[in-house]
Asks: 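First the structure, then my questions, so here it is.
Side chains included, hydrogens not; waters and symmetry mates left out as well; all remaining heavy atoms used. Chain A is the first sequence line, chain B the second, and so forth, proteins listed ahead of strands; every chain is numbered from 1. Fair warning: this is a prediction, and the values are worked out from it, not measured in the lab.
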Amino acid sequence: MEWETVIGLEVHVQLATQTKIFSGSSTAFGAEPNTQANAVDLAMPGTLPVLNEQALKNAIMFGLAINADINKKSVFDRKNYFYPDLPKGYQTTQMDEPIVGAGTVEIQLKNGSHKTIRIHHAHLEEDAGKSLHEGVLSGMGHGSSGIDLNRAGTPLIEIVSEPDIRSAEEAVEFAKKLHSIVTSLGISDGEMSQGSMRFDVNVSVRLKGEEEFGTRTETKNLNSFKFMEEAIELEVERQIDILEDGGEIIQETRLYNGDTKTARSMRSKEEANDYRYFPCPDLLPVVIDDSYIEELGNNLPELPDARQARFVESYGLSEYDAGILGGEATTASFFETVTEQCGDAKLAANWVMGELSAKLNNEEIGINHCPINAEQLGGLISRIKDNTISGKIAKTVFEAMWNGEGTADEIIEAKDLKQVSDTGALETMVDEVIANNTEQVENYRNADEGKRKKMLGFFVGQIMKASKGQANPGMINQILLKKLND
Amino acid sequence: MSVQPSDIEKIANLARIRIDEQAVPEVVDRLNDILAMVDKMQAVDTSEVEPMANPLDAHQRLRADTPTEIDQREQFQAIAPEAEQGLYLVPKVIE
Amino acid sequence: MHDKTLAELSQGLADKAFSSVELTEHFLKRINDLDGNYNSFITITEEQAVAQAKAADEQLAKGNTQALTGVPIAHKDIFCTEGVKTSCGSKMLDNFVPPYNATVIEKFNAAGAISLGKTNMDEFAMGSSNETSFYGSVKNPWNTSCVPGGSSGGSAAAVAARLAPAATGTDTGGSIRQPAALCGITGLKPTYGRVSRYGMIAFASSLDQGGPMTQTAEDAALLLNVMAGFDAKDSTSSDTAVADYIATLNDDLSGLTIGLPKEYFGEGLDPAIEASVQAAIKEYEQLGASVKEISLPNTDLAVPCYYVIAPSEASANLSRFDGVRYGYRCEDPKDLHDLYTRTREEGFGEEVKRRILVGTYALSAGFYDAYYKKAQQIRRLIKNDFVEAFKEVDVIMGPTVPNTAFGIGEKSNDPVAMYLEDIYTISTNLAGLPGMSIPAGFANGKPAGLQLTGNYFAEAKLLNIAHRFQQATDWHKQLPATIADQVEG
């Protein structure tokens, strides 16, 4: 039997506002517990919400970026349920009349093909606080959980996709594309480790060719691309196993544990809550006009697709390289600064995708936390270009820069890494190598043109070794050829 | 429409209000009195009427994205039933 | 001093006939001596009141006076007061001392008014008799075996017994006007959005509105001048310009058209109240007004509509009372579910729980359209009735309530009968219109109220209409016999 996977995503994106969606409390990450929870956030009696304009603007910008209908009237609803991290006993969200209507997102898969994922809608809502469990804090009352409401009221957009996704790979590409869109727009910091982007995945399987969807499960609150991929693969496998054994899938909510790589059922649909949505009477319908939307549209930052096209066009990058460098806003801006600084897009691209990217991966840090800034890397590449150092020495300089030893020029100076381009000095080195390797010289001179080319590498290597890598390789080639062919 | 004791159990659970078993029949009766009174609405044809959430049909005003709050944790937690290390304490939350 | 109106007391302070401290101590003494008979206060803020009065006297000495500088008033215990217990009449908030003020309280503080304390009320403003208060029933000063009305019954009784010259109240379905009528005082519910709801503990957000409860329309104008106005903290607050409510009090009423809805004079109305209302209308005709019969055809749907919308909103508004961050928490909860369900079982009274359950049911899956949505549609029909009526008339008049104050305990076992007492007041809240109740004589020895309903933001007009009536009559000056005996010569 051949199975087809059907996936729909609900993506929660924290918006990069200064204050909460309905109060003037700061949203800065990492504050002491409950120091950024004011009377409104704590649902103190009598307190009332007022909508943060920036949150609204951010949501509209996202809608424009995915070519969605922006609803000129949208309504906030109350979603009622009790939970300690939900102070009001309801979450303020948008149910029937969200700010962003249907739109589309294009993704590119590893095999180069493109696919359109439809977005059902995106709505504004407030985040909940956090429950910290026993063990997290020392000496916390036995059998207790501690509630931190700093995050309560942080603005979110929830992006709901249609069930257009057919594999974990597509899901990850889709999620990465959303990440790229929201960071390019500057509406979210996209910090996955701080929970700025969280995924709920709805997964079902059906026999290939079947029209109807299978029963789906929802795995909630996945906070990395990797966990999402793992959770989907695990769930698909689980569902197929059950169905092939003649079993039935139960519609339920599941939790994935990224540490143990296991998932478990949280609650089945029978126990599902009845959320009793109704329009929030403390907030009025949000009404915007065409000019408001137009103004935001006119000032929309460059989007990933447009940027990639521009990278191909203006920098002569391959579509693949443009995809990697232009997809994500921070990387794109880093690359452009490097290019500007060194004046060579190809070299800049090679360095950002090569040495830099490998080092970042290795050290598990994001490019926005890179200890080498774009100007510094550009400075390093400039020294390769003007032959002050070779590409090989550049790697030594790069290491030193990473360790905070200064700019490329400072390091080259301090470590005396300048390339030797003095003809006299190089001729002396070449003469020495020829004199010390008579046998190889003899063989070279007897070889035909084709073989000579390969043999030349030996002499270059010897000279580089003698010069500790500092000899100018281009000049050595010239001098060597002249002397060997004489 | 009228409610049965089983409905009361469901509603009370949604509302997180414990109701003593002996009190259920009385609660059911009272709720049914109210629902009977309320059901007068059902006779009216409202198919063409736009629901009204706000008497002034006003629109939402927007707030500038500027922090206005200072940390008042101490004052807020002074009136909390149980707080420790800056956190509100509740019986263990099981997900 | 307590026989004087707020306006007269304000004048007395300006004339240095007495100091704010003397005035404040006089009322504090009355409360301490007499409130045992009425139970109209939950909290008396003696020290704070005297401190405020001293500060006011300093301002008065410097000539820095506003209309309310140094004048003592009382606040319904639904307005959050920083550092002073704010119970909302509930065990749930018996230990709640807010670290913030309601906007209305801030405004009175800024105006230099003195707060005598917090008045008793139906629990979470849910009631028409003040019998649902955790702090016990309030007694009507006109007959202490009768209810004062509700939910602002404590404020109404305190003003009627002259324990405070004036007080604040809130009105969700008649909670200012009905107790004002039952206690023989003046009460005004402003247009929805006219007075900030910030810090006013919510019952039903789309209906709640704070307003003054006073001896006279003039006093109501003085209070509303302070209370009214846009508040950036309340999304539902209106930025419509605020009038000076004193300036137009004496405007001439000739040419005024009064609408009398035929639905307000039908079955169920106490004939003695009807007679009082008709006499009041005659008085208005003397003052130059003309009368027109109108129809508000959906009047009988107001109570059903209200008892879906108000409980639904309340069911969510009261979810925050969960024993986690403030207020009552049950003893030794064994788990989270136990914490919630027992805290709410023990912390809320019967009527509040009943309304939460009704609202929860009305919003639950499968019933939303038949109840909540239906009620929101009916609500528009009710509003439209008024919009049509105000094309023809300037003000709508009728009885505030169908019956005079009933006996304590008389209706407490029949919620629906109690709900129907609000039949004339509820539609005003559903439509969001301003409404007043003013004393219009007596029925069976108990006060009868005349209700005036105005167009949106027509508070100045309503106050003018009420004031002219009070210039021509003295119903508002009548005092219960026991209180009249206490008035110094």
Asks: Nearest heavy-atom pair of A:Pro281 and C:Tyr192: which atoms, and what distance?
Replies: O-OH, 4.2 Å
Asks: Could you look at A:Tyr275 and say if it's the side chain, the backbone, both or neither that has a heavy atom under 4.5 Å from chain C?
Replies: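 For A:Tyr275, no heavy atom lies under 4.5 Å from chain C.
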Asks: Return yes when atom NE2 of A:His12 has more than 12 non-hydrogen atoms of other residues, nucleotides or ligands closer than 6.0 Å, and no otherwise.
Replies: yes
Asks: Heavy-atom distance under 4.5 Å to chain C: side chain of A:Asn80, backbone, both or neither?
Replies: side chain
Asks: Checking an interface table here. Which of residues 334-345 of chain C come within a heavy-atom distance under 4.5 Å of chain A?
Replies: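 When heavy atoms of chain A are the reference, residues 334-345 of chain C contributes C:Leu336, C:Tyr340, C:Arg344 within the under-4.5 Å range.
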Asks: Which heavy atom of C:Ser235 sits nearest to which heavy atom of A:Leu283, and what is that distance?
Replies: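 Shortest heavy-atom contact: OG-CD2, 4.0 Å.
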Asks: Name the region of C:Phe79, side chain, backbone, both or neither, that has any atom closer than 4.5 Å to a heavy atom of chain A.
Replies: neither
Asks: Checking heavy atoms, do the side chain of C:Tyr198, its backbone, both or neither come under 4.5 Å from chain A?
Replies: both
Asks: Just so I know, are the side chains of A:Pro45 and C:Tyr100 near enough to count as touching, which here means a heavy-atom distance under 4.5 Å?
Replies: yes
Asks: Has A:Arg276 got a side-chain atom pairing as donor or acceptor with C:Thr360's backbone, closer than 3.5 angstrom?
Replies: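 No.
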Asks: Heavy atoms only, distances under 4.5 angstrom: which of C:Val324, C:Asp322, C:Thr236 has the most pairs with chain A? Name it, please.
Replies: C:Thr236
Asks: Under 3.5 Å, is there a donor-acceptor pair between the side chain of A:Tyr90 and the main chain of C:Asn317?
Replies: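 The answer is no, because no donor-acceptor pair under 3.5 Å joins these two groups.
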Asks: Checking C:Phe96 against chain A: side chain, backbone, both or neither under 4.5 Å from a heavy atom?
Replies: side chain
Asks: For C:Glu313 and A:Arg78, work out which heavy atoms get closest and say how close.
Replies: O-NH1, 3.8 Å
Asks: For a side chain to side chain contact (heavy atoms under 4.5 Å, CB included) check, start with the C-alpha distance between C:Arg325 and A:Leu149, then their side-chain angles and the critical distance, and finish with the verdict.
Replies: CA-CA 11 Å; C:Arg325 297 165 310 286; A:Leu149 296 169; 3.6 Å; yes
Asks: Short question: side chain of C:Ser319, backbone of A:Tyr81 - any donor-acceptor pair under 3.5 Å?
Replies: no
Asks: Please determine, among A:Pro279, A:Pro87, A:Gly89, the option with the most heavy-atom pairs under 4.5 Å with chain C.
Replies: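 Highest number of heavy-atom pairs under 4.5 Å: A:Pro87.
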Asks: Kindly check if the number of other-residue, nucleotide or ligand heavy atoms within 6.0 Å of CD (A:Glu162) is above 12?
Replies: yes
Asks: Checking heavy atoms, do the side chain of C:Ala232, its backbone, both or neither come under 4.5 Å from chain A?
Replies: backbone
Asks: When you look at CZ of A:Arg254, are more than 12 heavy atoms from neighbouring residues, nucleotides or ligands closer to it than 6.0 Å?
Replies: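 Atom CZ in A:Arg254 is crowded, with more than 12 foreign heavy atoms closer than 6.0 Å.
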Asks: Working to the nearest 0.5 Å, report the span between OG1 of A:Thr47 and CE of C:Met200.
Replies: 13.0 Å
Asks: List the atom of A:Asp274, the atom of C:Ala365, and the distance in Å for their closest heavy-atom pair.
Replies: OD2-N, 2.7 Å
Asks: Just wondering, are more than 12 heavy atoms of other shown residues or ligands nearer than 6.0 Å to NZ in C:Lys373?
Replies: no
Asks: Select, from C:Ser206, C:Pro98, C:Gly199, the one with the greatest count of heavy-atom pairs under 4.5 Å involving chain A.
Replies: C:Gly199
Asks: Apply side chain to side chain contact (heavy atoms under 4.5 Å, CB included) to residues C:Lys233 and A:Leu48 and explain how you reach the verdict.
Replies: CA-CA 7 Å; C:Lys233 289 179 180 171; A:Leu48 295 169; over 6 Å; no
